[in-house]
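Presented below is the structure to which this report refers.
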Amino acid sequence: MTAVSSAAPSILWFRQDLRLHDQPALSAAAAGAGPVIPVYIFDDETPGDWRMGAAQRWWLHHSLASLAGDLEALGARLILRRGAAVEGLRALMAETGAETVHAIRHYEPWWRAAEEELGDALRLHDGNHLARPECVTTGSGKPFRIYSAFWKGLQGHMPPEHPLACPDSLTAPAQWPASEALDDWKLLPTKPDWAKGFGRDWTPGEASARDAMAAFGAKAAAYDTARNMPSEEGSSRLSPHLHFGEISARAMWHSLDRRGETETFRKELAWRDFTDGVVMALPDYADRNGREAFNRLPWRKGAEAEADLKAWQQGRTGYPIVDAGMRQLWATGWMHNRVRMIAASFLIKHLLIDWREGERWFWDCLVDADYGNNSVNWQWVAGTGIDANMFGRIMAPLSQSEKFDAGDYIRRWVPELRKLSDGVIHDPEEAGCRPKDYPAKIIGHREGRERALAAGKTVRG
Ligand code: FAD
């Protein structure tokens with residue numbers, strides 16, 4: 001039976017924390033005397049240019065449907081509203097008499113501004129990171145620029161807190177405020193339905209995130225080597241679940257405690273904390289080079305560069321590993337990490353196209369598109385960021401493809417090459433067996449490399 005209270009309600013504001021387990025804002029709201037009103041506000045205004053991309057909208061739709069079902073089981077409802085979040089929350093407080101909003105702290109610059117605006121009414125809780133990114137700093141209190149130093153600094157805060165249990169029930173208000181209908185938000189694509197393949201790979205929602213966490217536990221011991229092999233499913237594939245907060249990083253961390261040492265995985269998991277530390281210190285990191293000298297880099301522009309960008313987006317560069325990755329991205333909303341690095345490096349270095357073009361394409365296409373993770377990784381590959389990575393570091397897509405044994409991966413995503421043997425599939429053009437329906441390379445490896453190095457020199461000089 002649903003409990004009802006006459007004390008003032010509190011609002012539980014969901015954003016990228018769409019879960020009931022280890023949800024400190026939920027636990028705090030549930031511990032209060034009054035009823036709890038869970039709300040999600042679909043906000044295309046506050047993030048400005050960084051409003052959610054199309055693939056994330058697909059995920060969000062299904063994740064909210066799942067969360068609403070889970071809340072019902074606790075005797076609660078998920079109230080859906082659209083518009084600027086701060087105004088929406090203030091309106092909901094006025095309607096319901098709520099005096100407090102509980103929420104998990106976020107690090108995207110637009111959320112930090114919104115949190116500031118809400119002032120004293122907002123109670124912020126930590127819960128999406130292993131440690132608060134602002135607490136893991138250098139001796140002089142500055143954020144770390146280099147990941148390895150950050151990891152060392154993080155050890156002083158580990159292990160993370162133990163995850164909180166999901167409350168058994170939530171107290172309902174005497175009257176629920178009105179909610180919009182999820183379908184009215186039209187988050188799913190219609191014609192063409194480019195997301196029709198997504199459902200084969202993904203089930204958004206907390207239950208599925210917890211299943212993925214358990215499934216990864218069984219293969220965690222092999223992660224160290226298998227994670228780099230695109231043909232294998234060696235990584236956890238938890239990134240969209242983590243991005244939407246359907247599972248917490250600390251739950252993930254502790255789930256592995258019982259399964260022995262998995263230091264490499266934990267190091268990857270901690271990258272999320274690192275990237276949010278970077279965007280906290282440099283909020284416009286997604287738009288500006290971390291090193292200003294790169295503002296002078298002569299990126300290619302104009303019709304030819306635009307045609308090359310399109311070929312990259314469509315997976316028609318003539319480099320099988322790059323094309324396989326870009327097609328996996330389009331078909332499933334996700335790309336293997338090793339291939340993300342190769343494809344990003346190819347765009348930035350071989351095609352000499354501004355990293356921000358690739359970053360934005362990923363933002364629209366990735367189900368895990370994340371402000372911190374995406375911008376920091378793009379600048380890391382570009383060598384334009386605050387870390388020590390150099391622009392002159394150029395990945396060789398063909399040897400990377402051979403090294404990480406991407407034969408089956410290419411066969412899966414580039415059907416034109418399905419019949420080619422392992423010996424020739426990485427570079428069919430060189431082997432003289434490029435099928436007619438597969439494009440020739442849009443740029444030679446050496447030519448692209450030399451052009452990039454020459455461009456890099458203009459920055460130094
Ligand atoms: P696992 O290897 O199982 O790692 C576990 C978790 O750790 C991931 O789910 C992720 O949350 C975190 N993680 C792992 N590697 C990284 C990393 N390098 N940076 C930040 N977090 C990491 N990841 C995103 O979540 N969102 C993005 O928008 C994003 N954009 C990227 C863009 C480029 C150009 C590159 C090179 C990488 C990007 N990544 C991004 C990082 C990484 O590719 C993905 O997190 C990873 O592929 C997700 O797969 P997984 O869950 O199986 O990872």
Side-chain angles (χ1 to χ4, degrees), residues 16 50 52-53 55-56 59 107-108 128-130 133 147-148 150-151 201-202 209 212-213 215-217 219-220 222-230 232-253 255-256 262-279 285-286 312 322 325-326 328-329 332-349 355-385 387 389 393 395 400:
Q16 282 139 222
W50 293 102
M52 247 182 221
Q56 282 192 83
W59 190 285
Y107 290 86
E108 288 81 356
N128 274 0
H129 294 84
L130 295 170
Y147 178 73
S148 50
F150 171 84
W151 170 253
D201 271 46
W202 305 108
M213 174 170 77
F216 179 68
K219 59 180 187 178
Y223 176 79
D224 227 345
T225 46
R227 76 194 174 105
N228 264 318
M229 303 297 182
E232 293 178 32
E233 286 215 346
S235 68
S236 69
R237 293 174 59 91
L238 274 160
S239 51
H241 297 296
L242 282 161
H243 168 70
F244 280 95
E246 296 169 353
I247 192 117
S248 70
R250 56 196 193 186
M252 199 52 222
W253 174 289
S255 81
L256 296 169
T262 44
E263 166 107 339
T264 311
F265 179 79
R266 285 176 169 172
K267 263 191 182 158
E268 294 304 308
L269 199 57
W271 264 92
R272 299 172 60 256
D273 287 40
F274 174 65
T275 65
D276 274 340
V278 172
V279 297
Y285 204 66
W312 178 81
V322 174
M326 298 309 293
Q328 180 185 28
L329 174 63
T332 71
W334 188 86
M335 197 196 298
H336 186 277
N337 179 57
R338 170 65 40 188
V339 190
R340 288 189 205 202
M341 290 195 272
I342 300 169
S345 173
F346 183 83
L347 179 81
I348 301 162
K349 313 288 169 67
W355 59 269
R356 285 161 283 217
E357 295 284 353
E359 182 202 32
R360 275 168 177 73
W361 183 251
F362 271 31
W363 183 259
D364 204 33
C365 296
L366 279 172
V367 285
D368 64 26
D370 182 274
Y371 187 78
N373 287 355
N374 202 35
S375 61
V376 170
N377 277 286
W378 272 96
Q379 293 230 44
W380 182 84
V381 176
T384 54
D387 49 60
N389 219 13
R393 179 172 177 256
M395 289 179 115
Q400 285 277 317

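The figures that follow rest on heavy atoms only: side chains count, while hydrogens, waters and symmetry mates do not. We count ligands from 1, going down the list as the structure has it; atoms in each ligand are counted the same way. Predicted model, so just to flag it, every value in this text is computed and none were measured.
Separating the CG atom in Asn389 from the OH atom in Tyr147 is a distance of 15.0 Å, to the nearest 0.5 Å.
Look at Met341 and you'll find a heavy atom under 4.0 Å from some atom of ligand 1. Under the 4.0 angstrom criterion for non-hydrogen atoms, Trp334 is in contact with ligand 1.
Residues forming a side-chain contact (heavy atoms from CB on, under 4.5 Å) with Thr264 (at least two apart in sequence, or on another chain): Tyr223, Asp224, Arg227.
Looking only at protein heavy atoms, the nearest one to atom 1 (P) of ligand 1 is Tyr223 OH, 3.5 Å. Residue, atom and distance of the protein heavy atom nearest to atom 29 (C) of ligand 1 are Arg340 NH1, 3.3 Å. Among all protein heavy atoms, the one lying closest to atom 30 (N) of ligand 1 is Asn374 OD1, 3.1 Å. In this structure, the protein non-hydrogen atom closest to atom 26 (N) of ligand 1 is Asp368 O, 2.9 Å. Scanning all protein heavy atoms for the shortest distance to atom 11 (O) of ligand 1 gives Arg272 CD, 3.2 Å. The protein non-hydrogen atom at the shortest distance from atom 41 (C) of ligand 1 is Asn377 ND2, 3.7 Å. The protein heavy atom nearest to atom 7 (O) of ligand 1 is Glu268 O, 3.3 Å. Protein heavy atom at the shortest distance from atom 5 (C) of ligand 1 is Phe265 CE1, 3.4 Å.
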Trace of the side chain to side chain contact (heavy atoms under 4.5 Å, CB included) decision for Glu108 with Gln16: CA-CA 11 Å; Glu108 288 81 356; Gln16 282 139 222; 3.0 Å; yes

Yes or no on side chain to side chain contact (heavy atoms under 4.5 Å, CB included) for Leu242 and Leu269, after CA distance, side-chain angles and deciding distance? CA-CA 10 Å; Leu242 282 161; Leu269 199 57; 3.8 Å; yes

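Residue Leu238 approaches ligand 1 through these ligand atoms, each under 4.0 Å from one of its heavy atoms: 9 (O), 51 (O). The contact set between ligand 1 and Arg237, taken as ligand atoms under 4.0 Å from a residue heavy atom, comprises 50 (P), 51 (O), 52 (O). Heavy-atom proximity to Ala369, at under 4.0 Å, picks out these atoms of ligand 1: 28 (O). Heavy-atom contacts of Leu242 reach the following atoms of ligand 1: 6 (C), 9 (O), 11 (O) (cutoff under 4.0 Å). Every atom of ligand 1 is numbered from 1 in the order shown, and the set under 4.0 Å from a heavy atom of Leu269 is 7 (O).
With Trp378 as the partner, the side-chain contact (heavy atoms from CB on, under 4.5 Å) test is satisfied by one option alone out of Thr384, Asn373, Leu347: Leu347.
Inclusion of Asp370 in the set of residues having an N or O under 3.5 Å from an N or O of ligand 1 is warranted. Residue Thr275 has no N or O atom closer than 3.5 Å to an N or O atom of ligand 1. Ligand 1 has an N or O atom lying under 3.5 Å from an N or O atom of Ser239, backbone or side chain.
For the pair Arg266 and Trp151, the cation-pi test (distance below 6.0 Å, angle within 45°) is failed.
Contact record, Met326 with Met335: SD-CE, 3.7 Å, taken as the closest heavy-atom pair. For the pair Glu233 and Arg237, the tightest heavy-atom approach, listed with the atom from each and the gap, is OE1-CD, 3.7 Å.
Checked against the 6.0 Å centroid threshold, Trp312 and Phe346 do not count as a close aromatic pair.
Residues in residues 357-367 take part in these side-chain hydrogen bond (donor to acceptor under 3.5 Å, both in side chains) pairs, two or more places apart or across chains: Asp287-Arg360.
A salt bridge is absent between Arg272 and Asp370; no separation between the charged side-chain nitrogens and carboxylate oxygens falls under 4.0 Å.
Closest heavy-atom approach to atom 53 (O) of ligand 1 within the set Ser375, Ala343, Ser236, Ala220: this belongs to Ser236.
In this structure the side chain of His243 never reaches within 4.5 angstrom of the side chain of Trp59, judged on heavy atoms.
Neither the backbone nor the side chain of Val376 has a heavy atom within less than 4.0 Å of ligand 1.
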